[in-house]
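Each chain gets a letter, A, B and so on, in the order the sequences are listed, and its residues count up from 1.
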Number of protein chains: 2
Amino acid sequence: MTSNTAGGPTRRERMRAETIAEIKASARKQLQELGPSGISLRAIAREVGVTPAALYRYFDSLDALLIQLCCDFYDELIGDTREAMDASPPEDHLERMKAWVWTFRGWAVGHRREFELMISYPEGNGAMSVDGRRLEQAPEDVDPITLKSLEHSQLCGREFAGFWKQTEREGGGTPGGPPMPEVSEALAKELQDQCGAFIVGEPVPLPWVFTFTSAWIRVFGLVVMETFGSLPVQENVDEYYKTQIMAMLKDFGLEV
Amino acid sequence: MTSNTAGGPTRRERMRAETIAEIKASARKQLQELGPSGISLRAIAREVGVTPAALYRYFDSLDALLIQLCCDFYDELIGDTREAMDASPPEDHLERMKAWVWTFRGWAVGHRREFELMISYPEGNGAMSVDGRRLEQAPEDVDPITLKSLEHSQLCGREFAGFWKQTEREGGGTPGGPPMPEVSEALAKELQDQCGAFIVGEPVPLPWVFTFTSAWIRVFGLVVMETFGSLPVQENVDEYYKTQIMAMLKDFGLEV
DNA sequence: TCATTAGAGTGAACGGCGTTAGCTAAATGA
DNA sequence: TCATTTAGCTAACGCCGTTCACTCTAATGA
């Protein structure tokens with residue numbers, strides 16, 4: 001019998017979850033040792049102690065497994081980042097953004113192969129919006145990696161929007177640093193459509209959006225370059241990254 | 001007979017070169033259509049009209065072929081960039097740097113798949129120096145892609161160093177924009193070792209090196225993000241890129 | 001309790017892949 | 001002319017992802 005009157009996971013479901021975890025663990029191990037292209041379904045089956053065909057009971061294809069892996073990695077990254085941010089109080093947006101920036105880099109560098117897989121995956125490389133829509137009502141037809149990466153970037157984006165609101169409340173209308181350059185109507189609209197939805201119902205002003213995207217680009221550039229080994233520094237990377245971030249904050253007129 | 005008294009390429013050599021070109025063309029076509037992982041040696045052989053094994057007369061392995069491809073792409077990129085820079089006179093370092101920045105981006109975006117292959121290739125992702133040595137005496141033990149990418153980055157680096165010399169001659173000691181943040185001895189030394197060799201015999205001052213690397217990171221970040229589709233803008237990318245570059249130059253205190 | 005059923009796993013096969021070894025025939029150069 | 005180099009072939013090896021038909025077992029419902 002072993003019926004399931006309590007509504008919890010059945011014995012079969014538990015076994016299944018366990019096997020899935022085992023498969024993913026083996027895949028991740030291969031990823032770390034051999035890189036994205038070194039992952040082999042047959043090798044996973046061998047390690048798990050099962051026939052290759054058996055894996056198809058759990059994943060539709062190798063590709064589906066890799067996508068699932070990527071999503072897990074994003075969850076891990078998002079979890080780490082969120083935790084680090086929560087070490088500072090909710091009002092301290094600046095400190096929380098710094099925590100995000102630092103944790104993002106730390107995770108990527110500490111999990112190079114995983115990060116490599118995440119960004120090099122054909123679909124869903126971190127688009128900052130999905131058809132201009134917000135994340136809340138996730139559309140069905142969008143690949144999950146894009147959604148995850150959106151969620152990740154919004155983690156910092158919301159903090160930035162909060163920072164803006166706070167600054168506005170205190171009387172400062174525009175962000176510090178160099179003035180916003182002139183742009184066409186079309187670009188202005190697109191920028192605000194793409195990034196303006198971090199706060200519900202209230203679009204973030206253009207100069208702030210531009211400031212945010214500029215900062216994002218620098219962080220992304222730094223992290224990708226470090227992961228791919230093309231930074232101009234090899235041994236003092238930690239200090240270099242920190243210096244770059246600090247210089248960036250100063251550029252934007254933020255005391256540090 | 002068809003002997004080769006003139007010392008030029010023999011008939012066989014010409015045929016060989018032609019076949020190699022044909023193979024590379026087919027590989028590139030597959031790269032563009034299917035992406036880096038879609039390139040198949042057997043498919044190339046099929047298209048060239050030859051047995052898979054025959055290709056091994058021309059390349060040691062598929063990997064070797066891809067490396068050769070990457071080098072060709074770098075040559076193409078470097079050629080385009082150099083040509084664009086030479087539209088401005090040798091003394092106009094600022095304009096030449098702008099040409100470099102713009103052409104770099106244009107090539108990467110116009111050849112996404114090629115660029116993808118170049119940066120995602122395991123070894124040699126654009127390290128900015130090789131053991132601190134200069135490019136002139138290219139060491140044997142370094143993979144060719146690294147060398148090519150070094151050559152590419154030096155194209156802009158030399159111009160930047162020239163810009164510094166010119167500024168110094170005119171009396172300005174430090175670069176414009178925000179002041180150089182304080183860094184440790186070790187980081188300072190590494191930065192100068194890695195990037196200071198653009199001008200023979202004369203190390204570029206630290207603030208200038210820092211300025212250059214900061215700019216490089218922003219350009220690289222922009223280009224990679226655009227190539228991978230993770231820019232916050234999709235339709236007005238040209239204008240966005242230009243705006244970002246202009247804003248960056250302004251940050252560094254350069255009139256535009 | 002017992003027949004039914006859904007799920008997990010197997011084994012064999014298909015077609016494709018990169019790569020190697022040994023062969024043949026043609027072009028080359030003395 | 002003749003030895004040598006070279007391009008190409010065939011066949012095979014051991015991987016790979018994926019599919020299909022099959023078995024066995026454990027949970028299910030009357």
Hey, is the side chain of [X] poking within less than 4.0 Å of OP1 or OP2 on [N], counting only N and O atoms?
| X | N | answer |
| --- | --- | --- |
| B:Tyr58 | D:dG8 | yes |
| A:Thr51 | C:dG9 | no |
| A:Ser40 | D:dC15 | no |
| A:Arg46 | D:dC16 | yes |
| A:Ser61 | D:dG17 | no |

Query raised in the report: Can you find an N or O donor on one side and an acceptor on the other, under 3.5 Å apart, linking the side chain of A:Arg16 with the base of C:dG7?
Result: no

Query raised in the report: For the side chain of A:Arg57 and the base of C:dG9, is some donor closer than 3.5 Å to an acceptor across the two?
Result: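 Donor-acceptor pair under 3.5 Å: yes.
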
Looking only at side-chain atoms of [X], point me to the closest of [options].
| X | options | result |
| --- | --- | --- |
| A:Ala53 | D:dT19, C:dG9, C:dT20 | D:dT19 |
| A:Arg12 | C:dA6, C:dG11, D:dC16 | C:dA6 |
| B:Arg42 | C:dG18, C:dG9, D:dC9 | C:dG18 |

Report task. Please step through ring-ring contact (aromatic ring centres under 6.0 Å, His included) for the pair A:Phe115 and A:Trp107, ending with a clear verdict. Result -> CA-CA 8 Å; A:Phe115 189 68; A:Trp107 195 91; 7.2 Å; no

May I have the distance from [X] (atom [atom1]) to [N] (atom [atom2]), rounded to whole angstrom?
| X | N | atom1 | atom2 | result |
| --- | --- | --- | --- | --- |
| B:Met15 | D:dG8 | CE | P | 8 Å |
| B:Ile39 | C:dC17 | CD1 | P | 13 Å |
| A:Tyr56 | C:dA13 | OH | P | 19 Å |
| B:Arg14 | D:dT6 | CZ | P | 17 Å |
| B:Leu55 | C:dC17 | CG | P | 12 Å |
| B:Ile44 | C:dG18 | CD1 | P | 8 Å |
| B:Ile20 | D:dA7 | CD1 | C1' | 12 Å |

**Report entry** First encountered from the 5' end of DNA chain D, between A:Leu62 and B:Ala54
**Finding:**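 The 5'-side residue here is B:Ala54.
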
Query raised in the report: Between B:Arg105 and B:Trp102, is NZ or CZ placed under 6.0 angstrom from the six-membered ring centre and within 45° of the ring axis?
Result: yes

Query raised in the report: Taking 4.0 angstrom as the limit, do B:Arg28 and B:Glu76 come out as a salt bridge?
Result: yes

Query raised in the report: Is it true that the side chains of A:Ser214 and B:Gln244 contain a donor and an acceptor less than 3.5 Å apart?
Result: yes

Report task. Keeping the roles fixed (side chain from B:Glu116, backbone from B:Pro36), state whether a donor-acceptor pair exists under 3.5 Å. Result ->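 Answer holds: no.
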
Report summary line: Contacts of B:Asp60 and A:Gly49 projected onto DNA chain C by closest heavy atom; the upstream (5') one is A:Gly49

